[in-house]
Protein chains: 2
Amino acid sequence: MVYNEFKKIVNISKEDISGQILEQNRASIKVKKEKKVIENLIKIIDATLDICSKKSFQSMSIRDLSAASGLSRGALYSYFTNKEELLILLLTQGRQIVYQVLTEQISTVTSPHEKLKIAIKSHIYLSEAMDTWFYFNYIEARNLPKNEQKNAIESELETEKIFIDIIEEGIAEGVFKDENVVLLSSTLKAILQDWYLKRWKYRSRKTSVDEYADFVIKIMESILLIG
Amino acid sequence: MVYNEFKKIVNISKEDISGQILEQNRASIKVKKEKKVIENLIKIIDATLDICSKKSFQSMSIRDLSAASGLSRGALYSYFTNKEELLILLLTQGRQIVYQVLTEQISTVTSPHEKLKIAIKSHIYLSEAMDTWFYFNYIEARNLPKNEQKNAIESELETEKIFIDIIEEGIAEGVFKDENVVLLSSTLKAILQDWYLKRWKYRSRKTSVDEYADFVIKIMESILLIG
DNA sequence: GTCTATACATAGATAGAC
DNA sequence: GTCTATCTATGTATAGAC
């Protein structure tokens with residue numbers, strides 16, 4: 001699998017995401033016509049992620065968001081009760097998508113070695129297809145209120161757990177070396193995150209997403225494979 | 001070398017850092033008595049890093065900083081001309097310290113293999129000794145004005161270059177395998193940064209700084225060493 | 001050198017017209 | 001459903017007393 005194939009398989013349409021948000025936030029969305037909601041949520045999300053790829057969510061004023069989304073300040077407050085809730089909503093949704101896609105992709109194969117390769121590729125390709133989203137999620141998580149931060153932390157550990165499980169399975173089956181699994185998964189996650197955190201660097205060096213994915217797989221293999 | 005030894009060697013006293021800041025910012029510091037300046041700069045830096053380990057520099061108001069540092073809002077403006085300049089000052093200083101210590105430590109050995117080990121340990125130990133500083137530097141770099149961001153980017157590439165040079169030297173000498181040096185250095189940097197970016201995770205797992213350093217060295221060896 | 005008081009700007013949020 | 005007008009809070013920065 002290469003990136004161009006992945007993009008077709010995981011066709012995360014904006015309508016789908018907005019629909020999911022609507023489902024889970026009926027309480028705070030005051031507008032009744034579903035079509036309108038979907039339409040405007042897309043505008044709001046696009047504008048937010050766009051602005052926040054250049055400055056922080058904090059520094060983005062409701063006035064900025066109004067200008068970029070095309071909705072008035074008053075209208076915006078029909079879609080969320082306050083600015084912080086908009087942040088929570090976006091981060092929660094982002095995490096869900098990542099977990100959904102990752103587990104779905106892995107379920108298509110059985111051997112640990114194949115699973116590891118698919119998991120690495122899926123993570124990198126997904127973060128490439130939704131780069132502003134991933135970046136936003138990582139950077140802004142710390143600005144959540146304490147109780148919501150717990151969810152962000154759990155989510156980090158949850159994706160890490162996916163890798164831990166795969167590697168342990170491989171060790172049990174005798175195809176992987178018996179390494180420090182938790183530390184190794186943790187560093188693997190750091191490497192995967194680097195792809196979207198330092199997008200500017202890889203872009204300027206013309207490192208393609210496929211090249212990066214292949215490289216990560218190769219170094220994991222050189223650490224884990226026996227022989 | 002283990003962490004406890006490193007801490008003694010690299011005795012980065014707060015007075016030294018404040019002194020360096022004073023040297024380089026005489027223009028914007030209005031207070032004349034050097035002793036006073038050093039004393040209050042330490043208060044300001046400590047308070048800023050402390051607050052910013054919990055929320056963003058943006059969200060930290062001058063009122064917050066005044067309360068935490070013990071200086072009045074008016075007095076604070078005797079040490080910097082505006083809030084953004086305080087940010088620039090802190091980030092610039094932080095970068096200088098890292099580069100100074102890293103290059104100094106590496107210069108003590110000659111073989112590429114030893115150099116690589118020392119560079120990895122120095123980076124991790126330094127980020128441990130100055131964890132709030134490192135965290136602040138990474139997270140807040142993006143909130144600089146465009147022209148200052150250039151410096152932050154150059155600095156990221158500069159530390160990466162240290163690793164690139166060591167690995168290339170090792171390949172030339174025939175002790176390291178001929179890998180994709182730039183990509184490998186880049187992922188190594190990501191792993192090193194993870195130590196201070198996810199401090200909460202490693203702390204909760206009781207991973208010691210020495211254990212982490214040894215692990216990173218081990219995986220780099222398993223990728224690079226021949227045989 | 002440091003403080004208090006305050007000017008001035010900009011933010012988030014709401015009410016009521018359309 | 002959406003907009004405009006506006007209230008209120010909070011922020012940065014400065015001036016002048018001590």
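Partner of A:F57 under the side-chain contact (heavy atoms from CB on, under 4.5 Å) criterion, out of A:L87, A:L49, A:N143: A:L87 alone.
Taking atom CZ on A:F80 and atom C1' on D:dG1, their separation rounds to 15 Å, with Å as the unit. Atom CG of A:N40 is separated from atom C1' of D:dC3 by 13 Å (rounded to the nearest Å). With rounding to whole Å, B:D64 atom CG is found 7 Å from D:dG11 atom P. Taking atom CG of residue B:L76 and atom P of nucleotide C:dG1, one finds them 16 Å apart after rounding to whole Å. Atom CD in B:E85 sits about 16 Å away from atom C1' in D:dT14, given to the nearest Å. Here D:dC7 presents its P atom at 20 Å from CD1 of A:I62, a figure rounded to the nearest Å. Straight-line distance from the CD1 atom of B:I29 to the P atom of C:dG1: 12 Å, rounded to whole Å. As rounded to whole Å, 10 Å separates atom P of D:dT12 from atom CD of A:Q58.
Across all strands, A:S61 comes closer than 4.0 Å only to sugar-phosphate atoms, never to a base (heavy-atom distances). Heavy atoms of B:Y79 sit under 4.0 angstrom from primed sugar atoms or phosphate atoms, though from no base atom.
Checking B:R63 against A:G74, the closest nucleotide of DNA chain C that is more toward the 5' end is the one next to B:R63.
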- Message: Using side chain to side chain donor-acceptor pair (under 3.5 Å), reason through A:T132 and A:Y196 one step at a time and then give a plain yes or no.
- Response: CA-CA 8 Å; A:T132 52; A:Y196 57 89; over 6 Å; no
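Proximity of residues 30-37 of chain A to DNA chain D (heavy atom under 4.0 angstrom from any strand atom) is restricted to A:V31, A:K32, A:K33, A:K36.
Closest to the side chain of A:S78, from the set C:dA13, D:dT2, C:dT2, is D:dT2. Side chain of A:K83, nearest nucleotide from C:dG12, C:dC3, D:dT2: C:dG12.
Checking A:Q105 against A:K115 by side-chain atom types alone, no donor-acceptor pair falls below 3.5 Å.
B:I44 CD1 to B:L65 CG: the interatomic distance, rounded to the nearest 0.5 Å, is 6.5 Å. In this structure, OG1 on B:T48 lies 4.5 Å from CE on B:M60, to the nearest 0.5 angstrom.
For C:dT2, the base has no donor-acceptor partner in the side chain of B:R73 [N/O atoms by modelled type, under 3.5 angstrom].
Phosphate contact (OP1/OP2 of D:dT14, side-chain N/O of B:N82, threshold under 4.0 Å): absent. The side chain of A:Y77 places no N or O atom within less than 4.0 Å of a non-bridging phosphate oxygen (OP1 or OP2) of D:dC3.
A salt bridge is defined here as a Lys NZ or Arg NE, NH1 or NH2 lying under 4.0 Å from an Asp or Glu carboxylate O, and B:E34 with B:R26 meets this definition. Ionic pairing of B:K55 and B:D64 is present here: one or more N-O contacts between side-chain nitrogen and carboxylate oxygen are shorter than 4.0 angstrom.
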